[in-house]
Amino acid sequence: MKELRTDFLGVKLSSPLVLPAGVLDISFSSYKLVSGYGAGLITTKSLTKEARKGHEGPVVTEVEGGMLNCMGLCNPGIFEGLEEIKRFREISNVPVNLSIFATDAEGFTELAKEANSSKADFLELNLSCPNVSDEFGVPLAASEKTVAEIISSVKSVCRLPVIAKLSPNVTSFTRVALAAADAGADALCMINTLGPGIDIDIEAGRPVLFNVSGGLSGPCIKPIALRLVYESRKAGITIPIIGMGGITSGEDAVQMLMAGADLVGVGTAVYYRGPEVFEKINDEILSFLERKDYHFISDIKRII
Amino acid sequence: MKELRTDFLGVKLSSPLVLPAGVLDISFSSYKLVSGYGAGLITTKSLTKEARKGHEGPVVTEVEGGMLNCMGLCNPGIFEGLEEIKRFREISNVPVNLSIFATDAEGFTELAKEANSSKADFLELNLSCPNVSDEFGVPLAASEKTVAEIISSVKSVCRLPVIAKLSPNVTSFTRVALAAADAGADALCMINTLGPGIDIDIEAGRPVLFNVSGGLSGPCIKPIALRLVYESRKAGITIPIIGMGGITSGEDAVQMLMAGADLVGVGTAVYYRGPEVFEKINDEILSFLERKDYHFISDIKRII
Amino acid sequence: MIKDKRITLPIAEIIEETAEVRTFKFDAGIEASPGQFIMLTDFNGGEKPFSISDTDGKSLSVTIKRVGQFTARLFEKRIGDIVSIRGAYGSSFFIPGKNSGPNIDAANFRPALCGGGFGLPPLYLLAKKLLKAGVPAGNIKVISAGRTENDLLFEKQFGGLGVDYTGAAESVALMSPGRFKGTAAGAFAEIAKGVTGLCNFVYASGPDLMMKSLMPHFSEELEYQFLFERYMKCAIGICGSCVVDPSGIRICKEGPALWKAQVEQLKDFGVYRRKASGSIDYFTDRMAVKAEGAGE
Amino acid sequence: MIKDKRITLPIAEIIEETAEVRTFKFDAGIEASPGQFIMLTDFNGGEKPFSISDTDGKSLSVTIKRVGQFTARLFEKRIGDIVSIRGAYGSSFFIPGKNSGPNIDAANFRPALCGGGFGLPPLYLLAKKLLKAGVPAGNIKVISAGRTENDLLFEKQFGGLGVDYTGAAESVALMSPGRFKGTAAGAFAEIAKGVTGLCNFVYASGPDLMMKSLMPHFSEELEYQFLFERYMKCAIGICGSCVVDPSGIRICKEGPALWKAQVEQLKDFGVYRRKASGSIDYFTDRMAVKAEGAGE
Ligand SMILES: Cc1cc2nc3c(=O)[nH]c(=O)nc-3n(C[C@H](O)[C@H](O)[C@H](O)COP(=O)(O)OP(=O)(O)OC[C@H]3O[C@@H](n4cnc5c(N)ncnc54)[C@H](O)[C@@H]3O)c2cc1C
Ligand SMILES: Cc1cc2nc3c(=O)[nH]c(=O)nc-3n(C[C@H](O)[C@H](O)[C@H](O)COP(=O)(O)OP(=O)(O)OC[C@H]3O[C@@H](n4cnc5c(N)ncnc54)[C@H](O)[C@@H]3O)c2cc1C
Ligand SMILES: Cc1cc2nc3c(=O)[nH]c(=O)nc-3n(C[C@H](O)[C@H](O)[C@H](O)COP(=O)(O)O)c2cc1C
Ligand SMILES: Cc1cc2nc3c(=O)[nH]c(=O)nc-3n(C[C@H](O)[C@H](O)[C@H](O)COP(=O)(O)O)c2cc1C
Ligand code: FES
Ligand code: FES
């Protein structure tokens, strides 16, 4: 009997596959759709204090090996967002990871307090939105100090396990990862979108995205995601890691586990293989376990 | 009459297409092959003081949208390298960009002195090799200070125009670009490979590359290359830029020019379209100029 | 390889349908079926969904109503101005013998095509394809709803189908003086009365409340497809913006054409829509009145 | 989409050819033509090129001589141990009627196949394909060069072709007591003498100096293909490691099988090779003697 069930921070998940923040997760119906296809954990769209309508379109553009998006953190705001979780709870027991976004420790802490009264199982801090950055394109939370500050502050008020979602777009990723762990993060989530990048329409002589640039996701960022997970482990990170970035097949998911992840996010792959991708990848992982005579997900974790 | 000819730091090039460092450029025969297909400028493999045999294989692996390589700066050393340029000069007038690599300002300066007596037209400083980095994966030349130091030192001894090749794997790319320009670089070359990234063979449970990780090149890094060129211009860089990263078609090259590049490097595309790719892209750019009724490369530069 | 190639090209033709509605034609060879839509942008802010109102495989038309900032800017465009489209996206209407649906052959297929406002144009392409599939022109009943007579769309085009294909589809214009006065639903009821036993399928396309108002007039076994509008951002099924409750159907992928069985599950249908932010926006009485009364 | 998929799989079979040469067989369905090679690694350092010595579309063999660290490690592998291959890469040998080359039909094709050391095995696959293409077994002359009788490779296999395909290819073993004593070139001259007018094409595969030593015995109009070895790293034509002077031919892409016209342009042929770093490594007299004398 091969086994996909896994334990994450004390919560039982039916599969190591996670719906990451921002993909099909505006409303409880989307959570239901995706969990129905076998995702073990649902992450909400990153919620901010107030509703945000996001950037003007075009907000997505397909590029070789992936996709650029500049959704612009559109979300209905924390209060309506928590309502969606409540609605989902009425129809499903699949655990929910509540993603929040703010621009400073105070803002995160305020949202984290709201999370205490929510039906969510985990709180994820989106410390890595490529759309909010200073004039030199530096993500707000590129610094170890800021990351540590936000996490400590949130931890001091929040009853839920806290997951720090990190940006790959920094010179020294593992230093930030270590700072996050030291500050008390219960788990890390990596990676957010890469870049950002630009696509140009040569007929119009214009950037395709109205926001000019957007975060790169999809298959082509997988090698970088695998490296950052692998290097985080090598650097001594022992807390759980949700690894994501381009995971599209069972083979990809197995690679991510082998690199050192405990759970595996599947986002942009929904574009390539539909929401059924969760069911498909679950099956593909099972076939791999079968063929290589492994029994549990834990048998392949960190084996490279 | 549409015109691909262009001027770069006072030197006439037949095409804005550049063979970048590391692709088909170990020997004069490769320079000949590629310039015969229409590259306007040939960059040598990055030369070090001594010959280096590079990393053990596997040294390349194809990934979605691109390729990882960890050649490990294999090169015959500066003296044999300069011989190759001499041999090429006997059979061709196509300008040559001599790429060098060292680990500190002193090393670069020593090599730059050798360049003075060479037949090269430009000197490119590879400040961005992802294979030489500290324990936290930080490229040697991620810091503005180090970059400035190396460039000033090289400029003080070198008679050739100096091109600084920058790494995309830093938190604040445009700051480094500005530092390089301020330190006296005559032009910038961007981007070197992204990441690095890891590929994992799940059957073997091993990293594919013997060096574990390798730099990501090819079509999927284009959005990031376009952004860094675009943002360098926006940040006030006025010196010429050689833009590269995933350029595979005439459309890509036009995008790169529109983003703000003066010349366009074509490396990994040799894998997808053969060394003929230079001829093909030249033709594709000409067709675009024709169709849109532009006359010169300069007509489309920086138009986004 | 990029699955979803964008096409940027000059506007080939602009046809003024009414003061507030124009058809834009492009020389773009996009494979598309009736009911499907494209995303259109001019790279000046906004990329919006529009149903395909005509296509012959070589050129493609969308018919657009000026309602807000984006559409107003489009109305300033001239022939030759460059815009960019991607698609075609989404599910399409049932065509007997061409795609899956009820087991009715073309000859016995007697559909009513009910369109409100800019919901009508996609039904024009549908009517063409139905005729092409062998549905007799006399079997096809078209119900067009508009606020005033001036808002009635595509009357000539539907008439033209009669000229192009023998036995013209019947174009019934509603709610305008001198014609049927009332709602789309009222018109449907009227038609249904007049053609009892002759109508065995309904296509509707328009605002939720207009489509919903038709339903009380449907017999229990009547099969139908409704074309839905929801806020769209990605149009490729990943952003979640267009998802309807509680089934999780993505209007940009599984929709916009939904089958009866799908429609019956909806709890937001005619009750609320989600805004750009994802917050819930309940249809107000005013909107309901507007939609019911004006079919738009 | 990845063009160049690697296949990682257990070794299916190991055949001891001589003390220093083994054939490794894999259940890998790779399309390959004679002359092409694969890159092989065990992920423990090093990925090396080996010619395909046999394939039937479902399984694939390479025949490997133990020469250094990498090959020595391979010799410690057992059946079931996992290795990884990619390919097939490079150009392949001429097969009358199958790919382009001189206008000779299979029945009139009378090739000599000259192999030195581990250059011989790819000629085995070639011989099989020639027979399959209709070249009469009696037309095919195989010249195998080895240092001692024990180094002579594939004698049985070539013999077996006679059994499998009517009219066996002639296996002439050289430089070993009791057989022809001398160099590969000497043997070729001898063969050529014996079969004057019967040999109208030469395939050679082995060290530069062995192949070069054949050339003085060629008539001016004789067409040939030589299989080259150069230092390979990427094997996909981008790193420049395998490029020969001065034409810029990439041995991993346009090679390893080069035509006469290409060979005649080479200035490094038999003079120097490039090392892993790209530096030039001149063939020494000792190597020349070794190669000439030992055909390996
Ligand atoms: C599947 C589909 C097909 C459509 N087909 C047509 C058509 O054929 N002809 C036509 O004129 N209109 C069509 N629409 C509606 C059209 O997209 C909107 O009228 C247009 O986006 C309005 O933009 P605006 O800036 O001019 O108006 P705004 O002032 O921004 O909005 C006016 C109305 O349009 C809606 N809207 C705005 N942006 C979007 C969006 N991104 N996605 C969905 N709705 C939006 C708003 O909810 C609002 O109700 C269709 C919509 C959908 C979902
Ligand atoms: C197209 C081609 C086909 C070949 N086919 C066969 C074959 O069928 N059977 C066989 O036994 N050998 C074959 N070789 C040679 C084989 O690749 C080397 O014997 C092997 O790489 C030696 O590795 P090593 O570590 O054991 O020896 P080392 O001590 O590393 O080297 C011994 C010799 O092998 C050469 N060599 C080492 N690495 C490479 C490399 N990456 N590329 C090319 N040459 C290298 C060296 O130049 C040296 O001459 C072929 C080579 C090429 C280029
Ligand atoms: C359309 C889209 C929207 C996203 N929105 C968010 C977000 O709101 N918060 C967040 O932390 N990450 C967001 N992400 C990043 C994803 O959660 C994920 O980290 C990234 O896409 C890499 O995974 P993938 O390649 O599997 O998509 C978004 C990604 C996409 C494609
Ligand atoms: C095989 C290979 C070797 C490379 N070697 C070097 C090098 O020695 N020095 C250097 O500055 N860049 C090197 N690069 C980076 C390229 O010059 C270029 O910056 C990068 O590949 C992006 O361009 P591309 O996507 O067109 O290949 C190498 C790239 C590849 C693929
Ligand atoms: S518009 Fe994004 S999922 Fe439908
Ligand atoms: S081995 Fe790299 S080009 Fe041939």
Side-chain angles (χ1 to χ4, degrees), chain A residues 61 63-66 68 134-139 142-143 167-175 194-207 212-214 216 218-231 235 246 248 250-251 254-256 258-259 288 292 300 303-304, chain B residues 61 63-66 68 134-139 142-143 167-175 194-207 212-214 216 218-231 235 246 248 250-251 254-256 258-259 288 292 300 303-304:
Chain A
T61 180
V63 293
E64 286 294 338
L68 299 177
D134 74 10
E135 58 172 321
F136 287 101
V138 177
S143 100
S167 167
N169 310 313
V170 298
T171 309
S172 183
F173 181 84
T174 47
R175 280 194 192 133
L194 199 75
I198 290 182
D199 189 11
I200 295 172
D201 189 296
I202 64 168
E203 297 303 321
R206 298 292 298 275
V212 182
S213 68
L216 182 60
C220 69
I221 72 168
K222 187 187 66 176
I224 290 169
L226 291 175
R227 176 182 61 100
L228 294 175
V229 169
Y230 173 83
E231 284 187 355
T248 309
E251 177 173 349
V254 168
Q255 289 178 325
M256 189 48 96
M258 286 181 167
F288 177 79
K292 301 288 280 191
I300 56 176
I303 75 171
I304 70 158
Chain B
T61 180
V63 292
E64 286 294 337
L68 299 177
D134 74 12
E135 58 172 322
F136 287 101
V138 177
S143 100
S167 167
N169 309 313
V170 298
T171 309
S172 182
F173 181 85
T174 46
R175 280 194 191 132
L194 199 74
I198 289 182
D199 189 11
I200 294 172
D201 189 296
I202 63 167
E203 296 304 321
R206 297 292 297 275
V212 183
S213 69
L216 182 60
C220 68
I221 73 169
K222 187 186 67 176
I224 289 169
L226 291 175
R227 177 183 60 105
L228 294 176
V229 170
Y230 174 82
E231 283 188 355
T248 308
E251 177 172 350
V254 168
Q255 288 178 324
M256 190 48 100
M258 286 181 167
F288 176 80
K292 301 288 280 192
I300 56 176
I303 75 170
I304 68 157

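Throughout, a chain's letter reflects where its sequence line sits, starting with A, and its residues are numbered from 1.
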### Query
If you look at every heavy atom in A/Thr171 and B/Ala142, which pair is closest and at what distance?
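A/Thr171 and B/Ala142 have their closest heavy atoms at CG2-CB, 3.7 Å.
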### Query
If only atom types and distance count, is the side chain of B/Arg227 paired as donor or acceptor with the main-chain N or O of A/Ser213 below 3.5 Å?
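Answer holds: no.
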Side chain from CB out, backbone as N, CA, C, O: work out which of these in [X] comes under 4.5 Å of a heavy atom of chain A, or both, or neither.
X	result
B/Leu216	side chain
B/Leu68	side chain
B/Val212	side chain
B/Ala259	both

### Message
One pair to check against side-chain contact (heavy atoms from CB on, under 4.5 Å): A/Glu203 and B/Lys292. What are the steps and the verdict?
### Response
CA-CA 8 Å; A/Glu203 297 303 321; B/Lys292 301 288 280 192; 3.5 Å; yes
### Query
Most heavy-atom pairs under 4.5 angstrom with chain A, which of B/Ile200, B/Asp201, B/Ile221?
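Answer, by heavy-atom pair count under 4.5 Å with chain A: B/Ile200.
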### Message
Using a 4.5 angstrom heavy-atom cutoff, name the option from B/Pro223, B/Ala225, B/Gly65 with the most pairs to chain A.
### Response
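Option with the top pair count is B/Pro223.
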### Query
Rounded to the nearest 0.5 Å, how far apart are CD1 of B/Ile198 and CD of A/Gln255?
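One gets 10.5 Å once the value is rounded to the nearest 0.5 Å.
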### Query
From A/Ile224 CD1 over to B/Cys220 SG, what is the distance, rounded to the nearest 0.5 angstrom?
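Reported to 0.5 Å precision, the distance equals 7.5 Å.
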### Query
Do the side chains of B/Val63 and A/Lys222 get nearer than 4.5 Å, heavy atoms only?
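No, every pair of side-chain atoms sits at 4.5 Å or beyond.
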